[in-house]
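Order of the sequence lines sets the chain letters (A, B, ...), proteins ahead of strands, with each chain counted from 1. Note that the structure is predicted; figures quoted are calculated from it, not measured. Just so it is clear, the values below take in all heavy atoms, side chains as well, and ignore hydrogens, waters and symmetry mates.
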Amino acid sequence: MTLLALEDIRKSFASAEGAVPVLQGVSLGVAAGQVVALTGESGSGKSTLLHIAAGLEAPDSGRVLIGAQDMAALPDAGRAKLRRGTVGLVFQQFNLVPSLTVGANLAFQARLAGVHDPEFCAALAVRLGLSDLLARYPEQLSGGQQQRVAIGRALAAKPKVLLADEPTGNLDEATGDAVFALMLELARAQGAALLLVTHSARLAGQCDRNLHLRAGRLA
Amino acid sequence: MTLTALLSHWLRNKVQLAMLLAGLTLATALWSGVQALNAQARGAYATAAALVSEDGASRLVAPSGQMDQARFAELRAQGVLVSPVVEGRLAVAETRVTLLGIEPLTAPQGTAAALADGDLQAFFAGAGFAHPETLAEFSAPPMPLSPSNAVPVGTLLVDIGTAQRFLGMEGQISHLLLTGPAPDPLPDGLQLAQASEGAELEGLTDSFHLNLTAFGALAFAVGLFIVHSAVGLAFEQRRGLFRTLRSLGVPLRSLTLALAFELVLMAFVAGLAGLALGYVLAAALLPDVAATLRGLYGAPVPGSLQFSPVWALAGLAMAFAGAVLAGGQALWRLWHMPVLAPAQPRAWAMATGRAMRWQVAGALALGGVAVALAWFGSGLFAGFALLAAALLSAALLTPPVLALGLRGAARLAQAPVAQWFWADSRQNLPRLSLALMALMLALAANIGVGTMVASFRATFIGWLDQRLVAEFTITPRDAAQAVALEAFLAPRVNAVLPLRRVDATLAGFPGAVFAMRDHATFRDNWPLIADVPDVWDRLAAEDGALINEQLARRANLWPGDSVLLPGAGSVPVLGVYPDYGNPLTQAIVTEGWFDRLYPGTPTRQLAIRTDDPSATRAALLDEFGLSAQAITDQAQAKAISMAIFERTFLITGALNVLTLSVAALALFATLVTLSGLRLVQLAPLWAMGLTLRQLAGLELARALVLAGLTMVLALPVGLMLAQVLLAVINVQAFGWRLPLQVFPADWAQLALWAGLAMIAAAAWPAWRLWRGGGGPLLRVFAYER
């Protein structure tokens, strides 16, 4: 069953020279439990596509289907609600909430969506190796630990769709591999559709499918 | 190149630049504006002093307030260098002025200067001189008048003969100015009065000017908070640039010098703008200040401002000093920054618990100083030092106390957004702390000064009702008319209560002794703070005197003590009465005793008790042809007193509003500057499903909550300020102590203003967040920040 479907997505940005097309009719689908890697050169539109999939950015045209709902057709409040309950996001910069403890960060989105399961969250913390760090603040953690918190936060709400933008880009290779393996394992275990943006062909090779974006089109 | 790179930051952050310049401009403007007011007033006192005395000259006075002109000739013949002066109040239509009669040939140099450009022949023939502002008040001057800036405002300078004619003092003079050494022994029946009028004014108005200076300093400090905040945040934002420049080989010394030059440049621009604004501000406020000084102290201050280069240079120096004070920390931090310091923006140094602990320690130390000053200090400066220490201590304690409150709220919060709201507010507190400290100071100053003024107003109104019980008062033209009026009125009204006074030095302070007729009007109404049993009977029996609160507090004389009255020796103090609005000391003895002590003292006013004021008034107008100005009814007197009261605090109110505005600007500057740094903290919440509208609403709510909490903290600080103003500063400055009264409705109004100021400050960043469509937040995910 396809949980995330992008249909003929087009997006351009205004510049001094006029509109610069970034995405020119991109269509893709990610099924439940499937992991799809999206690779491409810098500026090829990978992150923009991911932001559109998350409802953080609106496409100029095209549809973004999360399950049966068209994210692109919803107003800001509707997109936020869908994101809250259905989409998990993992960023290269971790983007944790600096004022909350690790424990509060882990549970935040799940509580926001009203689906917080303390036992599941505790088990997730154990699985991510964070159970001893729950009282700490993000700034007191290493990069690898912070990214594990970000993954845990995204998964704690049991999202249908997981979107990850260069999740290991800020980590060394060994730590990155470990974090990536953990994310794959947990996402598959939850049956989430995972769309992963990465520069790394090695990581992309571990995914179920590999899509390459070039000049705004899937190659 | 280095400087260009540094300055490019401001081109990209124009609002931040505008805030920095606005902060320094406002700080300079408020400070230099207040200094301009003070300088103008002090210049006027010096003019007044120069007109009637040599430097430090004394005068010879008679206890009755007048002496025969023959005393002048007699003393000159004995070789005593004296010059006669006739002084009195003259009413011309609606205008009341001081008529100062001098004898030009023997007058002091200051007087000669006033006459230097005039026509002496015309002067002897009855013409006079007046300040251009005084001249403008007359539609029909009482005599030919020429303009002179050497004559104080509200004074007409005429020949002694002219003054005697207008004041009905033929053959009499008010006092003799000593233009040489004082004779030893003093001539019979004459006393030496030390201070000249100008010097007295200087002393009397010191507290008023100190008050203004304190407000100016407070506003300057609040303005510097803005500058410090803007410079500090710009430093944080440019850490990456500093690192890059250092990595490219720019020496630390060059970088620091470039940053210092940038600061000096801004100080110069803002200093000039501040001076211009300060001048405009002072010119706008001067008429009120002048009216206050005239009403409260009788000080002749002109209502138009004169430019002084010294004032301008001092203002510019303050702008530089302020810039160095506010930006010094940034220079220090740059000097000590490692070449590869992390480029990530980080919170202010105060964010660390260690810095907070130092802050608390500093606050406690200052609190200790304040307590010590309250316990052991005395005098006006000790009072202001106490205020400064207490306010600074409270300001330093504001962020830690707010942090405690926010931590408590976070613990109580259940919902995830609420938990984040409180935790995030606490985390951002260090960045907002300077602006919140400025807001706390401004609010506390508003509450404190507002409470003091309102307490004073309430007490003053009650006191006026007690003191102004006579249906009306008459100001006779001269002593003969006073006698005739009393004789005419005595059978027609319930009571005629004459007012007679002589100037006197009481316990070393300038003042006057008054006569009081034994009458139920006084027995039933005259308010007393402290008294002996049967005070009125004992006063009538000439057992002693009443003294005013000013004399009681300055000389520490209370019922049971004795006061030295000229001509009477040491007499018991029977009671102490409040005497608001009067800067001088007073003593009251019963009428008969007064007339024996100071024979020949003319009656200056007559208070009339009557059941039919309008008929009495009409009879007076028919019989004596009195002008309407000569009769003041009770309502008029109250209105005049209240007008003087309100005008006195007009300047305080204006400065209050300005200080609060500066604090609001500080908040706006900080919130606008912070809005860029806030994106990193808000972006994850947006990604997790909060809408832009919710985030903008939460930002506004945070501003309101912080304003509310700051207001709660400012309340006890403001009340403490009011108590110090009422119990220490007022007592030292004016000589009276008032009970503290609280006015919660005023606080609610102020809280509303604070909330509105905070919403105004937070609205623009919140609006940009909401209407920005998420673009700025997206950049958080896209690029390294």
Minimum heavy-atom distance between [X] and [Y], given as atom pair plus value:
X: Leu194(A); Y: Met183(A); result: CD2-CE, 4.4 Å
X: Leu155(A); Y: Phe120(A); result: O-CE2, 3.6 Å
X: Leu436(B); Y: Met758(B); result: CD2-CE, 4.2 Å
X: Arg84(A); Y: Ala113(A); result: O-CB, 3.4 Å
X: Leu3(A); Y: Ala193(A); result: CB-CB, 3.9 Å
X: Pro399(B); Y: Gln359(B); result: CG-NE2, 3.4 Å

Engaged part of Ala683(B) at the chain A interface, taking heavy atoms whose separation is under 4.5 Å
neither
Given heavy-atom pairs under 4.5 angstrom as the criterion, report whether the side chain, backbone, both or neither of Ala415(B) touches chain A.
backbone
Considering only heavy atoms and a distance below 4.5 Å, find which of Asn428(B), Val417(B), Leu690(B) pairs most often with chain A.
Leu690(B)
For the candidates Gln681(B), Gln419(B), Arg693(B), Arg426(B), which exhibits the highest count of non-hydrogen atom pairs separated by less than 4.5 Å from chain A?
Gln419(B)
Which members of residues 696-714 of chain B, sorted by number, sit under 4.5 angstrom from chain A on a heavy-atom basis?
none
Side chain to side chain contact (heavy atoms under 4.5 Å, CB included) with Lys158(A): which of Asp117(A), Thr86(A), Val115(A)?
Asp117(A)
Stepwise, does the side chain to side chain contact (heavy atoms under 4.5 Å, CB included) test hold for Asp8(A) with Val26(A)?
CA-CA 5 Å; Asp8(A) 195 24; Val26(A) 176; over 6 Å; no
Below 4.5 Å from any heavy atom of chain B, which atoms of [X] appear? Answer side chain, backbone, both or neither.
X: Leu56(A); answer: both
X: Ala77(A); answer: both
X: Leu96(A); answer: backbone
X: Arg79(A); answer: neither

Does the side chain of Trp686(B) reach to within under 4.5 Å of the side chain of Asp76(A), using non-hydrogen atoms?
yes
Main-chain N/O of Thr691(B) paired to Gln694(B) side chain as donor or acceptor, under 3.5 Å
yes
Chain B contacts, top residue of Lys81(A), Gln109(A), His51(A) (heavy-atom pairs, under 4.5 Å)
Gln109(A)
